[in-house]
Amino acid sequence: ISHPTVLAARECFETIGLFDLAYRNAMDYDWLLRLHRAGRRGVYSAGILGHMTHAGVSNRQFKRTIAEVQAIAIANGRNRLLATVEARVRYLKTAASGPVKRHARPLYQLVRRAINRSYRPA
């Protein structure tokens, strides 16, 4: 989920609480997972557009972000082994994207566009 495009009603915060500041990089993932587990559902609107770069703290500190996502998933009932495998795949994918971005930017942009049709290079 591209969290800059999430619009949430005050009631959501009143129901499940605020962001957990114990998480420095993945507090949005924790909050959205708690919201989902509370039975809340989102609605997609093509009219909501956002611009998000990959230069933020969660990408610069991607190892910490991946570790936090893994811990949050396990704390919310995800199988520990599965969460560990998913974290390792995320790590490999993220670690590989840097060299591809630097040395094969057109390929990187093509793959990003295939994953997300609304992707536009900055």
Asks: Locate the shortest heavy-atom distance separating Arg37 from Gly77; write the atom from each residue and the value.
Replies: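 Between these two residues, the closest heavy atoms are NH1-N, 4.0 Å.
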Asks: Of all the heavy-atom pairs spanning Thr65 and Ala26, show the shortest one and how long it is.
Replies: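 Taking every non-hydrogen atom into account, O-CB, 4.3 Å.
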Asks: Would a hydrophobic clustering, with Ile, Leu, Val, Met, Phe, Trp and Tyr connected at side-chain separations under 4.5 Å, put Ile74 with Val69?
Replies: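 No; tracing contacts between hydrophobic side chains, which count when under 4.5 Å, never links both residues.
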Asks: Over all heavy atoms of both residues, which pair between Ala95 and Pro99 is shortest? Give the atoms and the distance, please.
Replies: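 Shortest heavy-atom contact: O-CD, 3.1 Å.
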Asks: Quick one: does His36's side chain get under 4.5 Å of Arg41's, heavy atoms only?
Replies: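 Answer yes - side chains close enough.
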Asks: From Leu81 CG over to Glu86 CD, what is the distance, rounded to the nearest 0.5 angstrom?
Replies: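 It is 9.5 Å, given to the nearest 0.5 Å.
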Asks: Measure the spacing between CZ of Arg88 and CD of Gln70 and express it to the nearest 0.5 Å.
Replies: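 CD of Gln70 is found 8.0 Å from CZ of Arg88.
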Asks: Is Leu33 linked to Leu21 within one hydrophobic cluster, defined over Ile, Leu, Val, Met, Phe, Trp and Tyr using a side-chain heavy-atom separation of less than 4.5 Å?
Replies: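 Looking at the clustering, Leu21 is in the same group as Leu33.
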Asks: Kindly work out whether a path of hydrophobic side-chain contacts (I/L/V/M/F/W/Y, heavy atoms less than 4.5 Å apart) joins Val85 to Leu92.
Replies: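 No: no chain of side-chain contacts under 4.5 Å links Val85 to Leu92.
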Asks: Can you name the closest pair of heavy atoms from Arg78 and Ala83 and give their distance?
Replies: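 Smallest interatomic distance, heavy atoms only, reads CG-CB, 3.9 Å.
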Asks: Does atom OH of Tyr91 have more than 12 heavy-atom neighbours from other groups under 6.0 Å away?
Replies: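 No.
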Asks: Quick one: do Asn25 and Glu68 satisfy side-chain hydrogen bond (donor to acceptor under 3.5 Å, both in side chains)? Show the steps, please.
Replies: CA-CA 7 Å; Asn25 297 12; Glu68 286 185 7; 5.3 Å; no
Asks: Would you call the rings of Phe19 and Trp31 parallel, tilted or perpendicular, taking 30° and 60° as the class edges?
Replies: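 Tilted.
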Asks: Identify whether Tyr29 and Leu35 are in the same connected component of the hydrophobic contact network (ILVMFWY, side-chain heavy atoms under 4.5 Å).
Replies: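 Yes.
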Asks: Indicate the atoms forming the closest heavy-atom contact of Ile16 with Arg34, along with that distance.
Replies: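 Distance-wise, the nearest heavy atoms are O-NH1, 2.7 Å.
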Asks: Should Met27 and Phe13 be counted in the same cluster of Ile, Leu, Val, Met, Phe, Trp and Tyr side chains packed under 4.5 Å apart?
Replies: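 Same cluster: Met27 reaches Phe13 through Ile, Leu, Val, Met, Phe, Trp or Tyr contacts under 4.5 Å.
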